[in-house]
S.K.: 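One structure is given below, represented as structure tokens, and several questions about it will come after.
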Number of protein chains: 2
Amino acid sequence: MTNPLPSTVRSLPIALIRAREGVMSPIRDMLSETGITEQQWRVLRVLAEYGRMDTKTLADRSSLLFPSLTRMAATMREKGLVTQTRDVKDRRRQFVDITPAGQKIIDDCLPEAALIVAGFKETLGEQNYETLLDLLAMLDPGNHS
Amino acid sequence: MTNPLPSTVRSLPIALIRAREGVMSPIRDMLSETGITEQQWRVLRVLAEYGRMDTKTLADRSSLLFPSLTRMAATMREKGLVTQTRDVKDRRRQFVDITPAGQKIIDDCLPEAALIVAGFKETLGEQNYETLLDLLAMLDPGNHS
DNA sequence: TCGCAGCAATTAACATGTTAAGGAAAAGCC
DNA sequence: GGCTTTTCCTTAACATGTTAATTGCTGCGA
């Protein structure tokens with residue numbers, strides 16, 4: 001008795017990709033006017049929420065791989081969105097912080113971003129929205145809750 | 001009254017990324033032994049399920065952007081995984097089909113892939129698994145059901 | 001204090017995501 | 001037929017995903 005894979009229209013990985021596409025599309029539209037990418041937006045949001053932190057923690061909270069963050073930090077520093085300072089005690093480590101220019105992008109986009117989020121809550125319903133977040137968290141390998 | 005964004009730990013886009021990472025990690029491990037990528041696996045699965053089709057339909061069903069598929073088709077053709085033939089009636093269009101070598105990869109990986117899927121069903125529970133797919137479908141912009 | 005394991009970060013190499021522009025063929029219009 | 005528009009596909013350019021190799025620094029034990 002074979003145990004075939006689900007049809008691609010009922011595949012969990014593909015469903016995750018398509019849902020992500022649907023969610024990110026309006027956010028990308030919003031960000032295109034600011035000149036930053038979706039990933040850079042994520043980094044700025046984490047920095048705005050937690051403040052200055054070391055690169056390792058930043059990568060973890062932003063769900064970015066280290067090599068990606070290294071490249072992004074360079075371009076974001078050139079754009080004046082973040083600053084990087086080396087740890088004096090341990091010269092291997094670096095700290096990243098958001099600049100006023102970076103914070104301004106967050107502040108400027110916050111109203112529209114909130115509207116987008118509200119739209120998805122309305123699409124799914126408040127209850128389903130929370131359920132979805134809970135189910136997604138169960139698939140997160142780094143989630144030890 | 002401000003309407004702040006949710007904390008990044010409760011953000012839908014980030015939750016989708018992390019869930020996808022959790023789901024794809026074991027699949028990537030499986031595929032690393034075959035030498036194909038996660039996206040190439042997706043293309044092969046769609047071709048194996050529906051058979052020969054034009055590039056536009058293939059891109060749509062694989063959830064890939066056209067430029068990505070153009071590049072992938074070239075490398076996959078060189079690897080002998082697919083064939084490409086131009087439509088005689090409409091010389092703009094191209095058809096893609098899976099080769100026996102491509103089909104062999106599907107067949108070889110199917111048992112392990114089925115185990116991985118079963119693992120996630122067990123993690124979430126059958127009921128939650130179906131609920132999750134339904135909720136994700138509601139976020140899919142191309143889902144007109 | 002020397003050597004070495006381990007960690008933080010970078011770099012490299014290749015594949016894909018994303019947007020925009022370009023090219024070629026078909027379809028429609030006059 | 002000649003013209004424009006549309007459609008399918010490709011190419012280009014830049015950013016990120018992913019894995020592996022490399023560098024610079026810390027700490028630790030012989």
Side-chain angles (χ1 to χ4, degrees), chain A residues 13-14 16-18 20-44 53-60 62-79 81 84-96, chain B residues 13-14 16-18 20-44 53-60 62-79 81 84-96:
Chain A
I14 291 182
L16 286 168
I17 292 173
R18 294 191 171 147
R20 181 168 146 61
E21 173 56 28
V23 170
M24 290 314 301
S25 181
I27 296 180
R28 266 202 300 274
D29 291 343
M30 172 188 77
L31 293 178
S32 68
E33 300 170 6
T34 71
I36 71 172
T37 68
E38 160 200 339
Q39 289 83 354
Q40 292 170 354
W41 165 255
R42 221 155 66 213
V43 167
L44 290 182
M53 76 188 73
D54 68 277
T55 314
K56 191 180 186 60
T57 308
L58 178 56
D60 192 50
S62 306
S63 288
L64 290 169
L65 293 179
F66 230 98
S68 299
L69 187 54
T70 294
R71 285 175 304 204
M72 288 175 61
T75 64
M76 292 178 78
R77 195 178 41 206
E78 292 171 7
K79 287 184 180 178
L81 302 176
Q84 277 180 299
T85 54
R86 198 160 285 279
D87 187 349
V88 182
K89 297 176 188 295
D90 185 342
R91 296 179 51 76
R92 290 172 301 186
R93 306 175 71 196
Q94 273 195 149
F95 289 103
V96 184
Chain B
I14 292 183
L16 287 167
I17 292 173
R18 294 192 170 145
R20 180 168 146 62
E21 173 56 28
V23 169
M24 290 314 301
S25 181
I27 296 180
R28 266 203 301 273
D29 291 343
M30 172 188 77
L31 292 178
S32 69
E33 300 170 6
T34 71
I36 71 172
T37 68
E38 160 200 339
Q39 288 84 355
Q40 292 170 355
W41 166 254
R42 222 155 67 213
V43 167
L44 290 183
M53 75 188 74
D54 67 277
T55 313
K56 190 181 186 59
T57 308
L58 178 57
D60 192 51
S62 306
S63 287
L64 290 169
L65 293 179
F66 230 97
S68 298
L69 187 54
T70 294
R71 285 176 304 204
M72 288 176 61
T75 65
M76 293 178 78
R77 194 179 43 207
E78 292 171 6
K79 286 184 180 178
L81 302 176
Q84 276 180 300
T85 54
R86 197 161 285 279
D87 187 350
V88 182
K89 297 177 188 292
D90 185 342
R91 295 177 52 76
R92 289 172 303 185
R93 305 174 72 195
Q94 273 196 150
F95 288 103
V96 183

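Each chain gets a letter, A, B and so on, in the order its sequence line appears, and its residues count up from 1.
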S.K.: Hey, is the main chain of A:Gly22 close enough, under 3.5 Å, to the side chain of A:Ser25 for a donor-acceptor pair?
M.R.: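 Not a single qualifying donor-acceptor pair exists.
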
S.K.: For A:Thr55, which contact category applies under a 4.0 Å heavy-atom criterion: base, sugar-phosphate, or nothing?
M.R.: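 Sugar-phosphate: the residue A:Thr55, judged by heavy atoms under 4.0 Å, touches backbone atoms but no base.
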
S.K.: Measure from CD on B:Glu33 to C1' on D:dT19 and round the result to the nearest Å.
M.R.: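 To the nearest whole Å, that distance equals 15 Å.
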
S.K.: Would you compute the distance between atom OG of B:Ser63 and atom CD of A:Glu21 and round it to the nearest 0.5 angstrom?
M.R.: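 Between atom OG of B:Ser63 and atom CD of A:Glu21 there are 8.5 Å.
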
S.K.: Please report, rounded to the nearest Å, how far the P atom of C:dA8 is from the CD atom of A:Gln84.
M.R.: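 Rounded to the whole Å, the gap is 16 Å.
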
S.K.: Hey, are the side chains of A:Leu16 and B:Leu16 touching, using non-hydrogen atoms and a 4.5 Å cut-off?
M.R.: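 The answer is yes; the side chains approach within 4.5 Å.
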
S.K.: Picking from D:dT10, C:dA9, D:dG17, which would you name as closest to the side chain of B:Phe66?
M.R.: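 Among D:dT10, C:dA9, D:dG17, the one nearest the side chain of B:Phe66 is D:dT10.
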
S.K.: Just to be sure I understand the rule, does A:Leu64 reach a base, reach only the sugar-phosphate, or reach nothing, if contact means heavy atoms closer than 4.0 Å?
M.R.: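 Answer is sugar-phosphate: A:Leu64 comes under 4.0 Å of backbone atoms only.
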
S.K.: Is the phosphate of D:dT10 approached by B:Gln94 (side-chain N or O, under 4.0 Å from OP1 or OP2)?
M.R.: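 For D:dT10, OP1/OP2 do have a side-chain N/O of B:Gln94 under 4.0 Å.
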
S.K.: Does A:Ser68 reach a base, just sugar-phosphate, or nothing at all? Heavy atoms under 4.0 Å.
M.R.: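 Base, at least one base atom sits under 4.0 Å.
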
S.K.: B:Ile27 has an atom CD1; how far is it from atom C1' of D:dT18, in whole Å?
M.R.: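 B:Ile27 atom CD1 is separated from D:dT18 atom C1' by 16 Å.
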
S.K.: For the side chain of B:Met72, starting at C-beta, report the closest nucleotide among C:dT16, D:dT16, D:dC9.
M.R.: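 When the side chain of B:Met72 is considered, C:dT16 is the closest of C:dT16, D:dT16, D:dC9.
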
S.K.: Checking contacts here: which listed nucleotide (C:dT10, C:dT19, D:dT10) is nearest the side-chain heavy atoms of A:Thr70?
M.R.: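 Per side-chain heavy atoms of A:Thr70, the pick is C:dT10.
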
S.K.: Kindly point out which of C:dT16, C:dT19, D:dT18 is positioned nearest to the side chain of B:Thr37?
M.R.: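 Shortest atom-to-atom distance from the side chain points to C:dT16.
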
S.K.: On DNA chain D, compare the nucleotides closest to B:Met24 and A:Lys79; which residue's is nearer the 5' end?
M.R.: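 Checking each residue's closest nucleotide, the 5'-ward one belongs to A:Lys79.
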
S.K.: Roughly how far, to the nearest 0.5 Å, is the CG atom of B:Leu65 from the CG atom of B:Asp60?
M.R.: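 Answer for the CG-CG pair, B:Asp60 versus B:Leu65, is 10.5 Å.
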
S.K.: If the cut-off is 4.0 Å, is B:Gln40 near the phosphate of C:dT16, judged by side-chain N/O to OP1 or OP2?
M.R.: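 Result: yes.
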
S.K.: At under 4.0 Å between heavy atoms, what does B:Arg28 touch on the DNA or RNA strands: base, sugar-phosphate, or nothing?
M.R.: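 Result for B:Arg28 = sugar-phosphate.
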
S.K.: Count the heavy atoms of every other residue, nucleotide or ligand shown that sit under 6.0 Å from NZ of B:Lys56, and state whether that count exceeds 12.
M.R.: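 Not more than 12 within 6.0 Å, no.
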
S.K.: Assess whether atom CZ of B:Arg28 is packed by more than 12 heavy atoms of other residues, nucleotides or ligands within 6.0 Å.
M.R.: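 Correct, the count exceeds 12.
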
S.K.: Quick one: does A:Ile14's side chain get under 4.5 Å of B:Arg42's, heavy atoms only?
M.R.: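 With C-beta onward as the side chain, the pair touches.
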
S.K.: Can you tell me the distance, in whole Å, between the NZ atom of A:Lys56 and the P atom of C:dA9?
M.R.: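 In whole Å, C:dA9 P lies 8 Å from A:Lys56 NZ.
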
S.K.: What parts of residues 85-93 of chain A reach DNA chain C, counting only heavy atoms under 4.0 Å away?
M.R.: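 Contacts with DNA chain C under 4.0 Å: A:Arg92, A:Arg93.
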
S.K.: Would you kindly give the CG-to-C1' distance between A:Leu81 and D:dA15, to the nearest whole Å?
M.R.: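 These atoms are roughly 14 Å apart.
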
S.K.: To the nearest Å, give me how far apart CH2 (B:Trp41) and C1' (C:dA15) are.
M.R.: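 Those two atoms, CH2 and C1', are 19 Å apart.
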
S.K.: Check this for me: does any side-chain nitrogen of one of A:Arg92 and A:Asp90 sit under 4.0 Å from a carboxylate oxygen of the other?
M.R.: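 Salt bridge: yes.
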
S.K.: To the nearest Å, how far apart are B:Leu65 CG and D:dC9 P?
M.R.: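 Rounded to whole Å, this separation is 14 Å.
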
S.K.: Provide, to the nearest angstrom, the distance between the CD1 atom belonging to B:Ile17 and the P atom belonging to D:dT16.
M.R.: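 Nearest whole value for this atom pair: 12 Å.
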
